[in-house]
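Worksheet for the structure shown next.
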Number of protein chains: 2
Amino acid sequence: MTDVNDRLLHARVVNDIRARIASGDLAVEKRIPSTAQLVEEYGVSISVVRRAVDTLKNEGLLQGQPGKGVYVIATPEQVAAERRSLESLASEVADLRTDLQALTKRLDSDSHARTVATEVAELRSAVEQLYARLGYAYPTSDAGTPKRRHRNTGT
Amino acid sequence: MTDVNDRLLHARVVNDIRARIASGDLAVEKRIPSTAQLVEEYGVSISVVRRAVDTLKNEGLLQGQPGKGVYVIATPEQVAAERRSLESLASEVADLRTDLQALTKRLDSDSHARTVATEVAELRSAVEQLYARLGYAYPTSDAGTPKRRHRNTGT
DNA sequence: GCCCATTTGTTCGTATGTATA
DNA sequence: TTATACATACGAACAAATGGG
């Protein structure tokens with residue numbers, strides 16, 4: 001399973017730290033050993049450790065806090081799931097679009113409200129799963145205050 | 001628009017090179033100046049140039065080839081579109097869920113097919129935008145074979 | 001409030017290896 | 001073989017933030 005890049009020192013450190021995070025040795029919300037400690041542990045230069053930690057920060061597993069330390073903020077599984085969600089989401093949306101198109105077609109032809117209700121129910125289920133895949137909860141009982149959330153424009 | 005990190009040397013170089021790629025000064029499939037040349041151009045150390053190029057390689061804009069040079073393999077727009085898709089998708093799906101919930105509610109109360117048709121049309125428009133935001137084309141005439149795609153259960 | 005040790009973050013310099021022409 | 005250029009690795013200096021005394 002180990003990458004072919006294991007010959008490279010910084011890649012070896014990256015893989016090892018990633019494995020320690022996955023195994024729970026380095027837990028989320030916890031500190032990892034300091035740079036100096038990692039230098040002693042792995043017997044490499046400070047540059048290699050810096051590059052390894054930098055890579056994992058870039059991957060989204062670690063986050064440094066000057067003066068305090070470097071903390072684990074996610075597991076490799078979470079990051080992998082996050083990355084995977086984009087591709088699988090594309091096919092999910094494709095399914096949703098197909099269903100929606102069929103529903104529109106059926107609605108346009110006649111007025112079978114019962115059939116349409118069933119279709120919509122399935123559609124809602126699809127969106128529900130889509131929503132869950134994004135990591136958000138699906139509030140089923142928010143009919144009390146159906147305030148529409150403003151669109152986050154980002155940056 | 002420029003990041004607050006513009007004080008950092010390597011960030012300055014990153015932003016400048018990214019701008020040069022966006023403006024077409026550094027074209028795709030073409031070589032960027034060598035490391036030594038960039039050192040002279042920006043008046044920084046080789047470490048800064050290395051880190052800047054490394055960042056852009058990590059972003060997917062550049063790709064180094066030992067013995068030859070560093071090549072542009074993508075524009076910032078392409079990368080930005082790819083990155084933006086995930087975050088904006090969350091809010092898009094949120095709106096979609098709200099609309100769908102309202103549609104279900106309306107369907108459950110009575111059988112106003114005309115009103116439902118309007119709601120569905122809006123929903124389809126939302127999905128259309130969602131689809132476009134993912135970078136995929138929206139085939140409007142594939143209703144011939146509405147085969148239902150198997151649901152990916154993930155992990 | 002001040003000093004000091006620890007730690008991360010940025011920058012600089014240098015040496016060696018490897019690939020291409 | 002030689003020259004160019006990227007890739008990796010080692011080492012060191014300084015700034016900034018944090019926490020303890």
Side-chain angles (χ1 to χ4, degrees), chain A residues 2-18 20-21 25-74 79, chain B residues 2-21 25-74:
Chain A
T2 56
D3 285 72
V4 193
N5 303 330
D6 265 7
R7 321 177 234 242
L8 277 43
L9 285 182
H10 71 264
R12 239 196 55 201
V13 176
V14 164
N15 290 331
D16 193 82
I17 294 179
R18 197 189 289 117
R20 286 168 73 178
I21 295 174
D25 181 20
L26 298 177
V28 178
E29 303 287 327
K30 291 292 186 180
R31 251 200 58 190
I32 72 172
S34 69
T35 305
Q37 287 177 326
L38 291 176
V39 165
E40 284 192 5
E41 285 188 29
Y42 292 101
V44 295
S45 70
I46 192 176
S47 305
V48 171
V49 171
R50 286 231 158 272
R51 177 161 184 178
V53 172
D54 217 57
T55 298
L56 291 171
K57 281 191 291 186
N58 201 299
E59 287 184 8
L61 276 77
L62 301 178
Q63 188 179 51
Q65 295 184 24
K68 295 187 65 178
V70 178
Y71 291 79
V72 181
I73 60 175
V79 174
Chain B
T2 55
D3 287 73
V4 193
N5 304 329
D6 264 10
R7 325 172 219 249
L8 276 45
L9 287 182
H10 69 263
R12 238 195 55 202
V13 176
V14 164
N15 290 331
D16 193 83
I17 293 180
R18 198 189 288 117
R20 286 168 73 178
I21 296 174
D25 180 22
L26 298 177
V28 179
E29 304 285 327
K30 289 292 186 180
R31 249 199 60 188
I32 72 173
S34 68
T35 305
Q37 285 177 325
L38 291 176
V39 166
E40 285 193 5
E41 285 187 30
Y42 292 101
V44 295
S45 71
I46 191 174
S47 305
V48 172
V49 172
R50 286 231 157 275
R51 178 160 185 178
V53 172
D54 216 57
T55 299
L56 291 172
K57 281 191 290 185
N58 201 299
E59 288 184 7
L61 276 78
L62 301 178
Q63 188 179 53
Q65 294 183 25
K68 295 187 66 179
V70 179
Y71 291 80
V72 181
I73 60 175

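For the numbers below, each heavy atom of this structure counts, side chains included, while hydrogens, waters and symmetry mates do not. Order of the sequence lines sets the chain letters (A, B, ...), proteins ahead of strands, with each chain counted from 1.
Distance CG (B/L8) to C1' (C/dC12): 15 Å, rounded to an integer number of Å. Atom C1' of nucleotide D/dA13 and atom CD1 of A/I46 are separated by 11 Å, given to the nearest angstrom. Remark: P of D/dA7 and CG of B/L56 are 13 Å apart, rounded to the nearest angstrom. The separation between B/D54 atom CG and D/dA9 atom C1' is 14 Å, rounded to whole Å. B/Q63 has its CD atom 16 Å from the P atom of C/dA19, to the nearest Å. Between the CZ atom of A/R50 and the P atom of C/dC12 there is a distance of 16 Å, given to the nearest Å. Atom pair A/R31:CZ and C/dT8:P shows a separation of 6 Å (rounding to whole Å applied). Rounded to whole Å, the distance from NZ on B/K57 to C1' on D/dT8 is 11 Å.
Within the 4.5 Å cutoff, no side-chain heavy atoms of A/D25 are placed close to those of A/I21. Looking at heavy atoms from C-beta onward, B/K30 lies out of side-chain contact with B/Y71 at the 4.5 angstrom threshold. You'll find the side chain of A/L38 reaches within 4.5 Å of the side chain of A/V53, heavy atoms only.
Between A/S45 and A/G67, the residue whose closest nucleotide on DNA chain D is further toward the 5' end is A/S45. Between A/V44 and B/Q37, the residue whose closest nucleotide on DNA chain D is further toward the 5' end is B/Q37.
With distances taken from any side-chain atom of B/H10 to the nucleotides C/dT11, C/dG9, D/dC6, the minimum falls on C/dT11. Here the side chain of B/R51 is nearest to one of D/dC10, C/dT10, D/dC6, namely C/dT10. Among C/dC12, D/dA7, D/dC10, the nucleotide with an atom closest to any side-chain atom of A/S47 is D/dC10. Across D/dA5, D/dC10, C/dA19, the shortest atom-to-atom separation from the side chain of B/P66 is found for C/dA19.
With hydrogens and angles left out, the side-chain atoms of B/R12 and B/N15 include no donor and acceptor closer than 3.5 Å.
With a 6.0 Å radius and a threshold of 12 heavy atoms from other residues, nucleotides or ligands, A/E41 has its CD atom above the threshold.
Residue contacts for A/T35: at a heavy-atom cut-off of 4.0 Å it reaches the sugar-phosphate backbone alone, with no base atom in range.
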